[in-house]
Amino acid sequence: MKEQLPELHSHFCDLNLEAHMYASQWFLTLFTAKFPLCMVFHIIDLLLCEGLNIIFHVALALLKTSKEDLLQADFEGALKFFRVQLPKRYRAEENARRLMEQACNIKVPTKKLKKYEKEYQTMRESQLQQEDPMDRYKRENRRLQEASMRLEQENDDLAHELVTSKIALRNDLDQAEDKADVLNKELLLTKQRLVETEEEKRKQEEETAQLKEVFRKQLEKAEYEIKKTTAIIAEYKQICSQLSTRLEKQQAASKEELEAVKGKMMACKHCSDIFSKEGAVKLATVSREDQGIERDDEKDSLKKQLREMELELAQTKLQLVEAKCKIQELEHQRGALMNEIQAAKNSWFSKTLNSIKTATGTQPLQPPQAAQPPKEST
C-alpha cells in the first residue's frame with residue numbers, strides 16, 4: 001500500500017488507522033462477511049485459479065477505487081465507510097465486474113511478498129529479543145490462560161449441548177415408541193376390519209349368487225311365459241285368419257246362392273210377375289204365409305250363421321286383446337326384474353366398496369393388496 005497508494009497510506013498513518021482495523025476481516029473470510037455473493041464468486045474463482053495473491057490484488061483494488069472518499073474521511077468516517085458504504089457499492093454486478101478487472105490488472109510480485117514476509121519475521125524477532133523475558137512470559141501465560149478459559153467454556157457448551165441432545169433424543173424416542181404403539185393398535189384394528197370386510201364380502205357374494213339364481217329362474221319362467229304367449233297369439237292370429245277366410249267364403253257362397261235364386265225366380269214367369277228384379281213383391285194376391293215362412297227360415301239360418309261367426313270373431317279379438325295385455329304385463333314384469341337385478345348389483349357393489357374404503361382408506365399402514373379383492377368379486 002505504501003508503494004502503490006502512498007497518499008492514502010500517509011493519510012491512514014496520520015489518522016492512526018492500521019490495516020488490521022479494516023482489512024483483517026477481508027483476509028479471514030475471503031470477503032464473504034460483508035460483500036455480496038456475486039462479487040465473492042468472482043474472488044473465489046480467481047483464488048482457485050491464481051492462488052492467495054489475489055486477496056492482495058482485491059484489497060488494493062478496493063482501496064484504489066475508494067481512494068477519493070477515504071482521503072476526505074476522518075478516523076470514524078473511514079471505519080464507517082469500510083463497514084457500510086463500501087459493501088453497498090458492489091451490490092451491482094457491473095461494479096463487481098469492474099472491480100475484478102481492476103484487481104487482475106494490479107501486479108503484486110511474489111518475490112516482493114516473500115521479502116516483506118522475511119522483513120516482518122526479522123522485525124518480530126528483534127522485538128522479542130528486546131522485550132523483557134518476564135513480560136514475555138507474563139504475556140504468554142495470559143494467552144494460555146485465555147486459551148484455557150476458552151477451551152473450558154467450549155467444553156461446558158459441548159457438555160450442555162450433549163445433555164440437551166440426549167434429552168431431546170429421549171423425548172423423540174418416547175414419542176416414536178408412543179407413535180409405534182398407536183400405529184400397532186391401528187394396524188390390528190385395520191386387520192380386524194379387513195377380516196370383517198372379507199366376511200361381509202363373502203356373505204354378499206353368497207347373497208348375490210342366490211339372487212342371481214332366483215332372478216335366473218324368474219327370467220326363465222318369464223321367457224317361457226313369453227314363448228307360450230307368443231305361440232298362443234300366433235295360434236289366435238291363425239284362427240282369426242281362418243275365420244275371416246271362412247266368413248268371406250260363406251258370404252261369397254251366400255251371395256252366389258242368392259243370385260242363383262234370383263235368376264231362377266226371374267226365369268219363372270209366375271214368379272217374375274210377383275217379384276221385380278230387386279226382389280220386391282208386385283202383387284198382394286200371392287199367399288204370403290208360405291213364401292214368408294220359407295224366406296224367413298232362410299234368413300234366420302243365414303242370420304244365425306252370421307251371428308255365430310261375428311260372435312266367434314269378437315271372442316277371437318277379445319282373446320287377442322287379452323293376450324296383448326298379458327304380453328305387456330309380462331314385459332313390464334321382466335323390465336322390473338331386470339331393474340331389481342341391476343339395483344341389487346349396484347347396491348351390493350357400492351356397499352362393499354364403501355365398507356372397504358371405510359375400513360382401509362383412513363389407515364396409513366393399510367397394505368395395498370387389501371383394496372384388490374372387491375375388484376375380483378366385481
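- Annotation: side chain of R170 is not in contact with side chain of I167 (no heavy-atom distance under 4.5 Å).
- Side-chain contact of N105 with E101: a donor-acceptor pair under 3.5 Å is absent, judged by distance alone.
- By the 6.0 Å contact criterion, CG on L52 is open, its count of non-hydrogen atoms from other residues, nucleotides or ligands being 12 or less.
- The number of heavy atoms from other shown groups lying within 6.0 Å of NE2 (H332) does not exceed 12.
- Ring pair Y22/F82 is parallel by interplanar angle, where below 30° counts as parallel and above 60° as perpendicular.
- The side-chain heavy atoms of E198 and R202, taken from C-beta on, include no pair separated by under 4.5 Å.
- For R334, the CZ atom is loosely surrounded, since the number of other residues' heavy atoms within 6.0 Å does not exceed 12.
- The two atoms that bring L15 and F75 nearest to each other are O-CD1, 3.3 Å, heavy atoms only.
- Side-chain contact annotation: Y90 with T65, donor-acceptor N/O pair under 3.5 Å present.
- Using a 4.0 Å cut-off between a side-chain N of Lys or Arg and a carboxylate O of Asp or Glu, R216 and E213 qualify as a salt bridge.
- Between T29 and K34, the closest side-chain pair of non-hydrogen atoms is not below 4.5 Å.
- Looking at T32 and W26, their side chains never come closer than 4.5 Å, going by heavy atoms from C-beta outward.
- No more than 12 heavy atoms of other residues, nucleotides or ligands lie within 6.0 Å of CE in M149, so this atom counts as exposed by the packing criterion.
- In E206, the CD atom is crowded: over 12 heavy atoms of neighbouring residues, nucleotides or ligands sit closer than 6.0 Å.
- At a threshold of 4.0 Å, the pair E205-K201 counts as salt-bridged, since one of the basic side-chain nitrogens sits closer than that to a carboxylate oxygen.
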* Please assess H160 against T164 for the test side chain to side chain contact (heavy atoms under 4.5 Å, CB included), listing each intermediate value before the final yes or no. => CA-CA 6 Å; H160 182 267; T164 306; 3.5 Å; yes

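- Atom CD of E161 has 12 or fewer heavy atoms from other residues, nucleotides or ligands within 6.0 Å.
- The shortest distance between side-chain heavy atoms of I327 and T229 falls below 4.5 Å.
- A heavy-atom distance below 4.5 Å is found between the side chains of L189 and Q192.
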